[in-house]
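Following: one structure in structure tokens, then a few remarks.
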Amino acid sequence: MESQKQFKRRFSFEFFPPKTDQGREKLQTVRDRLAEVHPDFFSVTFGAGGSTRDRTIETVLNLHSQGISTAPHLSCVGGTRESIAELLDIYRESGVNRIVALRGDLPSGMGASGELRYANELVAFIREHSGDTFNLEVAAYPEFHPQARNAEEDLKNFARKVEAGANSAITQYFFNADSYFYFIDRLEKMNITIPVVPGIMPIVNFSSLVRFSDMCGAEIPRWIRKQLEAYGDDSDNIRKFGEEVVTRMCERLLAEGAPGLHFYTLNQAEASLNIWNNLGLANRDKISF
Ligand code: FAD
């Protein structure tokens with residue numbers, strides 16, 4: 001973990017672009033609550049194949065104009081160089097300076113995979129088109145990407161994104177801090193020393209967490225799953241237990257040198273803020289983890 005300790009810690013919150021006026025109003029309230037704790041940036045997801053293109057742009061530009069730097073996610077699957085260049089130009093002209101560059105997952109039956117097949121090709125294209133305009137974040141998978149041929153190939157593919165010009169990475173969420181520490185050790189052995197910020201998923205709803213985790217290849221450890229199962233419909237206890245488990249993991253990550261945290265908020269403020277407060281991040285410049 002030594003390599004990670006040299007980086008200034010940064011803290012961020014991720015949103016998805018709302019579909020309805022009600023969703024937009026709710027996100028504004030969530031944004032206002034989270035802005036009070038002065039995160040380093042917000043980010044906004046992008047539906048693979050461009051399914052949320054306009055809503056992502058609108059949400060990013062709206063949030064960015066309110067004073068907190070906001071990073072669009074941008075996935076290449078299903079897109080063309082031309083359509084991606086168009087987005088890059090919109091963001092550059094609006095003063096956006098950070099992009100989360102991804103391959104994305106095209107829903108089955110949604111057509112061809114596009115001109116850029118993998119995230120490393122997207123990173124290279126963004127550098128070619130926009131030079132150093134954007135700070136580029138890429139995805140990292142401490143428990144390995146579900147489609148990777150094997151763990152070694154996945155590490156090599158991560159290295160390709162760094163070689164192509166990624167500045168830092170955000171991980172898929174995990175509930176097992178050792179997978180993150182091991183991942184960083186492996187990167188250090190490969191002389192890869194960019195910041196790799198843990199992605200944190202607050203636990204608020206058991207069934208959707210299971211569905212999501214199965215899809216993206218994140219493991220819910222048996223003891224957590226069993227305890228959550230035992231709470232059944234008792235959402236208060238699910239939240240309380242989830243908050244405690246995730247807080248403890250974050251404490252450990254920061255104590256060992258993780259260079260910040262990125263919260264998958266699912267457009268809800270409460271759960272992320274509770275973890276934030278438990279960690280004492282309001283005074284983050286003063287505490288030593
Ligand atoms: P890649 O890095 O391209 O890897 C995908 C797979 O291909 C891996 O198995 C890898 O080992 C393999 N691979 C990579 N390069 C090569 C190569 N050159 N040759 C052969 N194999 C290769 N999805 C969205 O649709 N929208 C979002 O907004 C979004 N945001 C995300 C944010 C974060 C922080 C994370 C962690 C994930 C996000 N995702 C999002 C999900 C992501 O798009 C999926 O996990 C997707 O399956 C992989 O994207 P990637 O950028 O990691 O792909």
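Order of appearance sets the numbers: ligands from 1, and atoms from 1 within every ligand.
Checking only distances, Arg103 does come within under 3.5 Å of ligand 1, N or O to N or O. Taking any N or O of Gln172, backbone or side chain, none lies under 3.5 Å from an N or O belonging to ligand 1. For ligand 1, the polar-atom distance check against His145 finds a nitrogen or oxygen pair separated by under 3.5 Å. Between Ala101 and ligand 1, not a single N/O pair is under 3.5 Å apart. By the 3.5 Å distance cut-off applied to N or O atoms, Glu153 is not counted among the residues near ligand 1. At least one N/O-N/O distance between His73 and ligand 1 falls below 3.5 Å. The N/O atoms of Thr171, backbone and side chain alike, include none that comes under 3.5 Å of an N/O atom in ligand 1. Not one N or O of Ser75 is nearer than 3.5 Å to an N or O of ligand 1, by distance alone. For the pair Ala119 and ligand 1, the shortest N or O to N or O distance falls below 3.5 Å. Looking at ligand 1, you won't find any N or O of Arg117 less than 3.5 Å from one of its N or O atoms.
When heavy-atom distances to ligand 1 are checked against a 4.0 Å cut-off, Asn120 comes that close only through its side chain, counted from C-beta outward. Contacts between Phe144 and ligand 1, counted as non-hydrogen atom pairs separated by less than 4.0 Å, are absent for every part of the residue. Neither the backbone nor the side chain of Glu137 comes within 4.0 Å of ligand 1, counting heavy atoms alone. For Tyr141, every heavy-atom contact with ligand 1 shorter than 4.0 Å involves the side chain, none the backbone. Contact annotation for Glu121 and ligand 1: no heavy atom of the residue comes within less than 4.0 Å of the ligand.
Which parts of ligand 1 touch Ala148 is read off a 4.0 Å heavy-atom cut-off, strictly below it: atoms 9 (O), 11 (O). Ligand-side atoms of ligand 1 in range of Thr45: 28 (O), range being under 4.0 angstrom from any heavy atom. Listed by number with element, the atoms of ligand 1 under 4.0 angstrom from any heavy atom of Gln147 are 9 (O). Here is the list of ligand 1 atoms found below 4.0 Å of a heavy atom in Ala139: 35 (C), 36 (C), 52 (O). Of all atoms in ligand 1, numbered sequentially from 1 with element shown, those under 4.0 Å from a heavy atom of Ala48 are 25 (O).
Protein heavy atom at the shortest distance from atom 22 (C) of ligand 1 is Asn157 ND2, 3.1 Å. Closest to atom 25 (O) of ligand 1 among all protein heavy atoms lies Phe46 O, 3.4 Å. Nearest to atom 23 (N) of ligand 1 among the protein's heavy atoms is Gly104 CA, 4.2 Å. With hydrogens left out, the protein atom closest to atom 34 (C) of ligand 1 is Tyr264 OH, 3.2 Å, a heavy atom. Atom 19 (N) of ligand 1 has as its closest protein heavy atom Tyr118 CE1, 3.5 Å. The nearest protein atom to atom 39 (N) of ligand 1, hydrogens excluded, is given as Leu102 CD2, 4.1 Å; this is a heavy-atom distance. When hydrogens are left out, the protein atom nearest atom 2 (O) of ligand 1 is Lys161 NZ, 2.7 Å; that is the closest non-hydrogen contact. Protein heavy atom at the shortest distance from atom 11 (O) of ligand 1 is Asp154 OD1, 2.6 Å.
If you check the side chains of Ser208 and Asn205, you find a donor sitting under 3.5 Å from an acceptor. Side-chain atoms of Asn278 and Glu243 form a donor-acceptor pair, as typed in the model, at a separation below 3.5 Å. His145 and Asn157 form no side-chain donor-acceptor contact under 3.5 Å, judged by distance and modelled atom types alone.
The shortest heavy-atom contact between Ala177 and Met249 is CB-CG, 4.1 Å. Residues Ala124 and Ala164 share a closest heavy-atom pair of N-CB, 4.0 Å. The shortest non-hydrogen separation linking Asp185 to Met1 is OD1-N, 3.7 Å.
There is no protein heavy atom less than 4.0 angstrom from atom 4 (O) of ligand 1.
Ion pair Glu2/Lys5 flagged as a salt bridge, since at least one NZ, NE, NH1 or NH2 atom sits closer than 4.0 Å to an Asp/Glu carboxylate oxygen. One finds a salt bridge joining Arg33 and Glu270 here, because a Lys/Arg side-chain nitrogen approaches an Asp/Glu carboxylate oxygen to under 4.0 Å. In this structure, Asp178 pairs ionically with Arg252, as a charged nitrogen and a carboxylate oxygen lie closer than 4.0 Å. Under 4.0 Å is where a charged nitrogen must lie from a carboxylate oxygen, and between Arg24 and Asp21 at least one such pair does. Salt bridge present: Glu137 and Arg10 bring a charged side-chain N and a carboxylate O closer than 4.0 Å. Ion pairing of Lys161 with Glu121 is absent here, as no side-chain N (NZ or NE/NH1/NH2) approaches a carboxylate O to less than 4.0 Å.
With Phe41 as the aromatic partner, Arg98 meets the cation-pi criteria of under 6.0 angstrom to the ring centre and within 45 degrees of the ring axis.
If you look at Phe175 and Tyr173, their ring centroids are closer than 6.0 Å. Here Phe158 and Phe183 bring their ring centres to under 6.0 angstrom of each other.
Ligand 1 lies out of reach of Phe16, whose nearest heavy atom is not under 4.0 Å from it.
Considering only heavy atoms from C-beta on, Gln227 stays 4.5 Å or farther from Val245 through its side chain.
Only one option out of Ile170, Leu102, Val44 pairs with His73 in a side-chain contact (heavy atoms from CB on, under 4.5 Å); it is Leu102.
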